[in-house]
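As structure tokens, the structure follows; a few thoughts come after it.
We number each residue from 1, following the sequence as shown.
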Amino acid sequence: GDDGAPLARARAATGLPAGAAAALIDALVAEGAVAVRGQRLVPPGAAALDPAAERLGALLEEGGLRPPTPHQLGERAGLSPDAVRAGLGRLRAAGRAAPAGDLWFDAGALADAADRARPALAAGPMRVAELRDLWGVGRRVALALAAHLDATGVTVRRGDERILRRAGRGGG
């Protein structure tokens, strides 16, 4: 199935001012042309997740850039470690969550972290401590987020700095 697009990115892609972009997406949702699951725009027929995965997804969304550990997720959702792993896998398959380091993040939080880092990195390389301050998180979370940016091609790690990866040269 289609795992959709982050809502913030979909709004930005319209090229409209924030209010108009939100109104457009709301109108598309009202018409049934698209649906919203968590912080993602998905096809209207995208299946809802089972209750366990939905609970985990809600906890991750609530945690934002300070997500609970997998152990804490299990405690808060009342799930065994195996059920947490399975639920996180279903969230990942649905495009609603992704692992970074030893933590899992809501997909919207990851998109927000990348969107906040891009303009700062465009000004020059940044160390993890600088990214940590930008995001307002602890070192462990900053390392996980920086590793995610590297893994998804947003940044390149050079020593202890992250550098914004430039788009390929030429057209396309």
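- Listed here is the closest heavy atom pair of P68 and L60: CD-CD2, 4.4 Å.
- When all heavy atoms of L149 and A117 are compared, the closest pair comes out as CD1-CB, 4.0 Å.
- Remark: side-chain polar atoms of E130 are paired, donor with acceptor, to backbone N or O of R127 under 3.5 angstrom.
- Judged as a salt bridge (charged side-chain N to carboxylate O under 4.0 Å, His left out), the pairs with a partner in residues 68-88 (not counting sequence neighbours) are, in order, D82-R85.
- In terms of heavy atoms, P99 sits closest to H148 at O-ND1, 4.2 Å.
- Contact of the R118 side chain with the V154 side chain is registered, since non-hydrogen atoms from C-beta on lie closer than 4.5 Å.
- Applying the salt bridge (charged side-chain N to carboxylate O under 4.0 Å, His left out) test to R55 and every residue at least two apart in sequence or in another chain returns nothing.
- With sequence neighbours left out, T69 forms a side-chain contact (heavy atoms from CB on, under 4.5 Å) with H71, Q72, L103, R140.
- Not counting sequence neighbours, the partners of D150 by the side-chain contact (heavy atoms from CB on, under 4.5 Å) test are T155, R157, R162.
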message: Show, in sequence, the C-alpha distance, side-chain angles and deciding distance for E54 and R96, and conclude whether the salt bridge (Lys or Arg N to Asp or Glu O under 4.0 Å) test is met.
response: CA-CA 10 Å; E54 287 290 354; R96 288 189 41 196; 3.1 Å; yes
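- L91 and F105 sit in two unconnected hydrophobic clusters of ILVMFWY residues. Membership requires side-chain heavy atoms under 4.5 Å apart, directly or through other members.
- The two residues G108 and D106 make their nearest non-hydrogen contact at N-OD2, 3.0 Å.
- Side-chain contact between W135 and R116 is present, with heavy atoms from C-beta onward closer than 4.5 Å.
- L131 and L65 fall within the same hydrophobic cluster, where Ile, Leu, Val, Met, Phe, Trp and Tyr residues are linked whenever their side-chain heavy atoms come under 4.5 Å apart, directly or through other members.
- When the side-chain contact (heavy atoms from CB on, under 4.5 Å) test is applied to A83, the partners found at least two apart in sequence or on another chain are L79, S80.
- Side-chain contact between W104 and P67 is absent, with no heavy-atom pair separated by less than 4.5 Å.
- Residues G95 and A107 share a closest heavy-atom pair of O-CB, 3.3 Å.
- Minimum heavy-atom separation, L56 to G87: CD1-CA, 3.8 Å.
- Note on V128: it does not cluster hydrophobically with M126, by side-chain heavy-atom contacts below 4.5 Å among ILVMFWY residues.
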Show which side-chain atoms of residues 7-17 pair as donor or acceptor with protein atoms under 3.5 Å away, not counting sequence neighbours.
residue : atom : partner : partner atom : Å
T14     : OG1  : R11     : O            : 2.7
T14     : OG1  : L16     : N            : 3.2

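- No path of Ile, Leu, Val, Met, Phe, Trp and Tyr side chains, each step under 4.5 Å between heavy atoms, connects L110 with L143, placing them in separate hydrophobic clusters.
- Contact of the L24 side chain with the L28 side chain is registered, since non-hydrogen atoms from C-beta on lie closer than 4.5 Å.
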